[in-house]
Amino acid sequence: MVKARDKADLARRWGFVFAIARTWKTVEDKTLKNLVTHVPHTYDQRTRVPRATTGTGRRTFWTYHTRLGLRHVGDVTLVLSKKGRNMGPHTTQLLVTNLGELTPSPVVCIYQKRWAIELLNWELKSGLGLGEHQVRGDTNRSEKSVGIAVLAYLFVLRAGHHEIVPGKPWSIFQLQHALRLRVMTNQVEHKVKVKLAKTHKAA
């Protein structure tokens with residue numbers, strides 16, 4: 001998709017950075033698993049990137065990068081990234097990009113920023129029903145399904161904004177719980193007031 005857009009839109013440059021499975025194959029029909037398994041630790045280089053969540057300090061990764069042709073994708077830079085130099089190949093993450101000028105540090109940094117998007121998708125699916133609507137493959141219904149989930153997310157944010165304290169973590173589930181509790185409390189208080197008013201009139 002990115003390659004098609006890049007070819008069709010000459011005014012922009014379409015690039016990508018994403019993680020792939022080690023079962024993917026190169027144009028020479030070799031699986032990336034072999035590369036991950038056989039790259040010596042001595043080839044790894046220490047790469048430090050800013051922390052994505054706090055914005056202060058840096059995280060250290062050990063990376064190895066190489067250029068190769070990936071089947072169905074084309075020429076890419078493959079970055080093998082892990083959190084410790086002596087960690088085994090099963091902990092290695094495979095990142096690819098078609099932006100050949102990038103070094104491992106910005107590649108890892110860009111990928112780290114995707115975590116906030118993953119969290120948002122998880123909250124929309126787990127807390128607000130995204131993906132549970134019966135869309136039956138209809139594009140219009142799919143768009144409306146996403147729109148409903150996003151509107152619900154924004155409503156919960158607006159209704160529970162006072163629960164968000166700067167510098168402290170929060171989640172949509174926490175805001176939902178606080179909103180439910182407040183609605184239930186208001187409902188109970190209303191019923192009590194109505195009963196007291198009726199009792200007062202009867203007296």
Side-chain angles (χ1 to χ4, degrees), residues 1-2 15-22 47-62 79 81-84 87-88 90-97 105-203:
M1 182 184 68
V2 174
F16 58 76
V17 174
F18 61 87
I20 60 173
R22 58 193 66 204
T47 303
R48 303 185 70 195
V49 299
R51 292 184 179 274
T53 53
T54 61
T56 59
R58 291 178 175 270
R59 294 188 63 186
T60 300
F61 294 87
W62 292 90
V79 177
S81 172
K82 53 188 178 181
K83 296 180 180 179
M87 298 181 72
H90 62 282
T91 64
T92 302
Q93 200 163 37
L94 286 72
L95 309 177
V96 294
T97 178
S105 180
V107 171
V108 175
C109 187
I110 291 171
Y111 185 75
Q112 291 293 304
K113 293 181 179 180
R114 292 182 68 255
W115 181 239
I117 301 174
E118 297 293 344
L119 285 178
L120 176 60
N121 289 335
W122 175 66
E123 288 182 333
L124 289 174
K125 291 180 179 179
S126 302
L128 299 166
L130 179 63
E132 296 180 5
H133 305 114
Q134 298 296 323
V135 296
R136 298 180 180 177
D138 189 305
T139 303
N140 189 35
R141 288 185 177 182
S142 298
E143 291 178 354
K144 289 180 178 178
S145 174
V146 174
I148 289 171
V150 172
L151 285 175
Y153 189 91
L154 295 175
F155 172 77
V156 174
L157 282 181
R158 181 68 182 88
H161 69 278
H162 55 278
E163 299 285 341
I164 302 175
V165 180
K168 291 187 178 181
W170 60 272
S171 70
I172 200 68
F173 306 104
Q174 173 190 345
L175 300 184
Q176 280 180 313
H177 177 72
L179 179 59
R180 290 192 194 100
L181 187 61
R182 191 162 76 248
V183 170
M184 292 172 60
T185 302
N186 291 341
Q187 189 174 6
V188 170
E189 289 178 351
H190 175 70
K191 288 182 177 180
V192 170
K193 288 180 180 179
V194 171
K195 286 186 177 181
L196 288 176
K198 288 182 179 179
T199 304
H200 181 71
K201 286 183 179 180

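- Listed for the T47 side chain is no donor-acceptor partner under 3.5 Å among the backbone atoms of W62.
- Between R48 and R58, the shortest heavy-atom distance links the atoms O-NH1, 3.5 Å.
- Looking at heavy atoms from C-beta onward, Q176 lies in side-chain contact with L128 at the 4.5 angstrom threshold.
- When side chains are defined from C-beta on, V17 does not count as touching V79, because their heavy atoms never get closer than 4.5 Å.
- Put simply, the side chain of L95 does not reach to within 4.5 Å of the side chain of I110, judged on heavy atoms.
- The line from CD of E118 to NZ of K113 is 16.0 Å long, rounded to the nearest 0.5 Å.
- Few gaps surround NE2 on H162; more than 12 heavy atoms of other groups in view lie less than 6.0 Å from it.
- Between the CD atom of E189 and the CZ atom of R182 there is a distance of 11.5 Å, given to the nearest 0.5 Å.
- Smallest separation of non-hydrogen atoms from L175 and G160: CD2-O, 3.5 Å.
- Distance check: Q187 CD to T185 OG1 gives 10.0 Å after rounding to the nearest 0.5 Å.
- With rounding to the nearest 0.5 angstrom, the NZ atom of K191 is 12.5 Å from the CG atom of N186.
- Between A149 and L124, the shortest heavy-atom contact is O-CD2, 3.7 Å.
- Note that OG of S145 and CG of N140 are 11.5 Å apart. Values are rounded to the nearest 0.5 Å.
- For the pair Q174 and E163, the tightest heavy-atom approach, listed with the atom from each and the gap, is NE2-O, 4.1 Å.
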Checklist entry - Yes or no on side chain to side chain contact (heavy atoms under 4.5 Å, CB included) for K83 and F61, after CA distance, side-chain angles and deciding distance? => result CA-CA 5 Å; K83 296 180 180 179; F61 294 87; 4.0 Å; yes
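- The neighbour count for F173 CZ, taken as heavy atoms of other residues, nucleotides or ligands under 6.0 Å away, is above 12.
- In this structure, the separation between CE on M184 and CG on L179 is 11.5 Å, given to the nearest 0.5 Å.
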